[in-house]
Each structure stands twice: as structure tokens, then as C-alpha cells.
Amino acid sequence: MNDFIHVASISLPMLLQGLSLTVEISVLSIIFAFIGGLLVGYMCISPNKLVEGIARVFIKIFRCTPFMVQVYLAYYGLPSLGINVSAFGTGVLILSLYTSAYAAVILESGVKAIPKGQYEAAAALGMPRLKILCRIILPQTIRMIVPSLTGQFVQTVKDSSILSIITVAEMTMMTKEAIGITFSPLFVYICAGVLYWALNLVIEFISGRIEKKYNRVRI
Amino acid sequence: MADTQTPIISVKNMAKSYGELAVLRKIDIDIYKGQVVSVIGPSGSGKSTFLRCLNYLEEITSGEICIDGQTIRGISEAKENKKLNEKAAREIRKNVGMVFQQFNLWPHKTVLENVIECPMQIKKIKKEDAVRTAMELLKKVGMDGKADAYPPQLSGGQQQRVAIARTLAMNPEVILFDEPTSALDPEFVGEVLDVMKGLAKAGMTMIVVTHEMGFASEVSDRVCFMDGGYVIEDGTPEEVFKNPKSDRAKQFFSKILNV
Ligand SMILES: Nc1ncnc2c1ncn2[C@@H]1O[C@H](COP(=O)(O)OP(=O)(O)OP(=O)(O)O)[C@@H](O)[C@H]1O
Ligand SMILES: [Mg+2]
């Protein structure tokens, strides 16, 4: 029993320290990815073929290569391009880009599912395109895609664990360090798993609230 | 008919195709202020396409459409027409409203919000003024009691009346109706037609694609029969229904009027 308290007293503070960085990375990446997803998604539905093409290539690159490879590439690639960012910055950047590719696809498919008449009614009344997208199409799209977007953002939290490979001291890295000190992998991994799970429960809770707020009236 | 007047809409030599498929072959038509024009014809004859070209929901392949001094030109004729058309369409849409078969109300906004959206967003009208006008219009179409309802909570007839109010809120000179009652259960057709009759009486210029021959013959000043991408009959309801010149129109009427 003494042993258990000893392990816990060493590993839990380390895990919580990692958790706070994991939260920070996740929140930043989710925000950036949402903005990035909007932008790339907007490019996908552009009437300009070149703009659309750029967005498609972006999506292909980030969806069709392993995330771990992207992380390493950014970690070693950015400095060789003369761009010096901290491991934390690199991690947030690459996780945001990776997630925004998925968010863009979710957004695009959502927009395509809105009946064309919704756009046409606004256009016929003289609304400019960007305004139609922001005020008529996007609000309806978001309501529809909250569940899939939530799934993607839960994935983002989990993917942030991969940033441990580039020395970002988030929870998975701290887990490994705590194991190195305490030699209790089972206990420490269980704690880490529970903390990840709790974090994602929070995200799902928030998402549930958003859905509830929007779906007062069923569309 | 007031031939001395300049037409509010003037379509010359208009053609429209989707790739190989020629939907409108050659349309020439002038429409004058205050006219109520019913457009009838068999399915696939290009009625909706014609209407959608008028406010540039569809590009035209060749010919031109003049509305209020703005001109939309065929995109096959000059490369820069697309850009110019978009500019002209922005002006045209200020004066030409459209009511759709499927109503197309925005489901995430209340009835009132649907009606005030464009006056506030486009004309920058203050909210209290927009709401006042909107409530008057909703009253006119008998929907003021449902101002705070969401469209999915309404019947089709109610939704279509709101859609008409939404269009009226932009104060258009012309309203295009594309089969406004075709998606409605029969019991709700009358209430929408009544609103349209009211508009016609008040002098609104209307182009109505319809299968309601009763409406076409009672309310409209003019009936156009379309077939195969042409307007092949164009005259008063009396002329077109009683004495159609073409065999196609005779056949069409014998089919639909004798059921
Ligand atoms: N976006 C499109 N792409 C290709 N073909 C189209 C498109 N829209 C319409 N068409 C074709 O154009 C023709 C005319 O269609 P339109 O909708 O104008 O007919 P309509 O007279 O309104 O018929 P209905 O009474 O059934 O509404 C049809 O053959 C239709 O298949
Ligand atoms: Mg049609």
C-alpha cells in the first residue's frame, strides 16, 4: 500500500503536468483546425478551379500520409527551411493542419447536403455569395456536422499523444517518464488512459450542449 | 396592350443549352409593367429554365435579356460577358423577386427572421423598421400569427405565403413564380392562389409558371405556351385556350382539360 501511494505521488503530478500541455495543444489545434477547415472547405467549393485544386492537394497530402511521418517531417523539415519554431509550436502547427484537412472534408460534405434551393432563394433576393455562405449555408451546415466534427476533435486529442516523439512534454511523454522513474507501467498507463478519456468526455459534453442548443427546432 | 410603353423585361433571341442539350432554342418576349403572364406547357419544355434565366440563376448561351436597363448576354458570344452578367444580375435581382416550388424558406430562422433577413442585410434597413414592414407583409399574407414559428413547423401553404412575404419585403417590381402551388396538398392551393390574386390586383408584374389552368385563365392578362424550347403561343387567355394556333397546344389542352 505504501508502495502504491509512493508511485501515485510521483506519477500523478507528472501526468497532470502533461495533461495541462495536452489540453493546451488540443484546444489550440481544434481552434486553428476549425478556422483552417473553414478556409480549406471554402476553397473546395470555389468556382475557381485553381483555388479548388490547391485545397484538394492540401487535403490529399494531409489525409494520405501517416500523421507520425508528418510530425517528423515538420520537426526536421522546418529548421532546414530556416524556420525555427519550438517543438510545441511545431506540434500545434502540424496537428492543426492535419485536423483542418479532415474538418474541411466534413464541412464540404455538409455544405453539399444543403438543398440547392437554400442558396438560390438567397441569391434571388440579391444576397452576395459570401454572405449567403456565412448566414444561410454555414449555420445549417454546422448544425448538421456537429457530431462528425466532434468525432474528429476527439481524434485530435488522441493524436496529440504522437507529439511525444518530438519531445513535446504532453501527457504521453510524461507517462513514459513517470514509468521510467516508478517502474509501474500498468498503473501509470491506466491513469493516463483515464485522463485522456475524461478530457474527451468534456469535449463530448460541450458538443452535446451545442447540439441541444441548435436542435431546439428540428430541421 | 400598351405598345408605346417600354417593356420592363425584354428577351431577345435567347437560347440556353446544357452542353449538347438545347433547352431553350429561341425565346423572344416583351413583358410590360403590371402584366400577369402565365407560362404553361408540358414537362421538360423549359419553363423553369426560362424563369431562372431571367434572374440569372442560370446563364444564357446566346441572345440577351434586358431588365430595367441592365442586360444579360449569352456567354458563348464574348468572354467578358460572364463578369458583366454578374454585375447586371446584382442590379436585376434588386427588382426581380422569385418564389419557388419548394418554398426554400431558411429552416434555421423564424418566419420573421426569414422576412427581415434581406432588407437588413442588403438594404441595411434598421431592425425596427424591417420588423414593422415584415409584420405588415405577414399580415397581408395572413401569417402574422406565426411570426415566431420556424418553417418546418408550418404547412406547405403557410410556408409558401411566408416565402411570398419574404420576396415582397425587398419591394420588387417583378415577381417570378415557378409552380408555386405544385408542391402543396390540394387543400392549401387556394390560400396561396388567393395571395397571388391579391398581388395581381394590386398591379404587381408577375410571371407565373403554373399548371393551374384556372389561375392562368382567370387571373393572367397573358398566357404563353412553351414547347420544345420555344414560346409557341402567346396571347390573352381567351386566345390561347379557346383558339390555339398550334397542334401541340391543342393536344396539350385536350389532355389536361379533359381529365
Ligand atoms: N442543370 C441542368 N442540367 C442539365 N439539364 C437540365 C438542367 N436543368 C434542366 N435540365 C433539362 O432541361 C429541360 C427543361 O427543364 P425545365 O426544368 O426548364 O422544364 P420545365 O418546363 O420546367 O418542366 P416541369 O414542368 O417538369 O417543371 C429538361 O429536359 C431538363 O432535364
Ligand atoms: Mg419546372
Side-chain angles (χ1 to χ4, degrees), chain A residues 34 38 41-42 45-52 106-150 207-219, chain B residues 48 51-52 54-59 82 86-87 89-111 113-123 148-154 159 162-164 166-172 174-178 183:
Chain A
F34 185 66
L38 282 176
Y42 178 62
I45 57 170
S46 167
N48 184 325
K49 289 288 163 226
L50 179 68
V51 173
E52 187 198 336
I106 293 172
L107 273 159
E108 189 198 0
S109 62
V111 167
K112 296 229 159 118
I114 306 285
K116 215 169 146 227
Q118 289 289 310
Y119 185 96
E120 288 182 343
L125 286 160
M127 241 198 234
R129 179 180 153 82
L130 190 59
K131 212 162 218 170
I132 301 176
L133 292 178
C134 292
R135 297 192 54 88
I136 306 298
I137 305 300
L138 197 57
Q140 296 186 54
T141 307
I142 299 279
R143 280 166 174 69
M144 198 163 51
I145 63 173
V146 167
S148 14
L149 222 43
T150 305
S207 138
R209 293 300 290 261
I210 295 175
E211 233 181 310
K212 215 172 186 173
K213 176 169 171 263
Y214 275 153
N215 287 353
R216 273 167 317 185
V217 173
R218 293 231 54 89
I219 311 184
Chain B
S48 298
L51 217 55
R52 292 163 57 81
L54 292 182
N55 66 353
Y56 202 57
L57 287 179
E58 303 287 346
E59 291 173 325
K82 255 187 195 196
E86 271 163 34
K87 218 169 133 216
R90 269 201 292 281
E91 294 304 312
I92 288 174
R93 285 171 177 172
K94 284 183 190 159
N95 297 323
V96 180
M98 185 157 187
V99 173
F100 300 84
Q101 185 175 357
Q102 299 297 338
F103 336 126
N104 298 343
L105 292 179
W106 304 309
H108 61 299
K109 293 181 181 294
T110 63
V111 163
E113 286 166 351
N114 265 274
V115 181
I116 62 175
E117 173 72 11
C118 286
M120 286 182 62
Q121 290 296 320
I122 303 170
K123 292 193 167 168
D148 295 322
Y150 284 87
Q153 301 168 320
L154 304 179
Q159 290 191 54
V162 173
I164 293 173
R166 177 175 70 176
T167 302
L168 289 173
M170 290 300 277
N171 211 359
V174 183
I175 303 182
L176 313 173
F177 293 84
D178 191 0

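These numbers were taken from a predicted model, which means no experiment stands behind them. Letters go in sequence order (proteins before strands), and every chain restarts at 1.
- For the atom pair CG (B/N104) and CG (A/L125), the distance works out to 10.5 Å, reported to the nearest 0.5 Å.
- Partners of B/K123 by salt bridge (Lys or Arg N to Asp or Glu O under 4.0 Å), not counting sequence neighbours: none found.
- Contacts from residues 110-118 of chain A to chain B, taken as heavy-atom pairs separated by less than 4.5 Å, involve A/K116, A/G117, A/Q118 in sequence order.
- The residue among B/V96, B/N55, B/L105 with the most heavy atom pairs within less than 4.5 Å of chain A is B/L105.
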Verdict with supporting geometry, A/Y119 and B/L57, side chain to side chain contact (heavy atoms under 4.5 Å, CB included): CA-CA 10 Å; A/Y119 185 96; B/L57 287 179; over 6 Å; no

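- Annotation: salt bridge (Lys or Arg N to Asp or Glu O under 4.0 Å) contacts of B/E91 (sequence neighbours excluded): B/K94.
- Contacts between residues 128-137 of chain A and chain B, counted as heavy-atom pairs separated by less than 4.5 Å, involve A/K131, A/R135, A/I136.
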Worked verdict on B/Y56 versus B/E86 for side chain to side chain contact (heavy atoms under 4.5 Å, CB included): CA-CA 8 Å; B/Y56 202 57; B/E86 271 163 34; 4.0 Å; yes

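- Between chain A and the residues B/T167, B/L176, B/I122, the most heavy-atom pairs under 4.5 angstrom are made by B/I122.
- Of all non-hydrogen atoms in B/W106 and B/C118, the two that sit nearest each other are CH2-SG, 4.1 Å.
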B/L51 and B/F177: CA distance, side-chain angles, deciding distance, side chain to side chain contact (heavy atoms under 4.5 Å, CB included) verdict: CA-CA 8 Å; B/L51 217 55; B/F177 293 84; 5.6 Å; no

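- For the set B/Q121, B/R166, B/M98, the entry with the most heavy-atom pairs within less than 4.5 Å of chain A is B/Q121.
- Remark: side-chain polar atoms of B/D178 are not paired, donor with acceptor, to backbone N or O of B/F100 under 3.5 angstrom.
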A/E120/B/R52 under salt bridge (Lys or Arg N to Asp or Glu O under 4.0 Å): CA gap, chis, key distance, verdict: CA-CA 10 Å; A/E120 288 182 343; B/R52 292 163 57 81; 2.6 Å; yes

From CA spacing to verdict: side chain to side chain contact (heavy atoms under 4.5 Å, CB included), B/D148, B/V111: CA-CA 6 Å; B/D148 295 322; B/V111 163; over 6 Å; no

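- How far CG of B/L54 is from CZ of B/R93: 12.0 Å, rounded to the nearest 0.5 Å.
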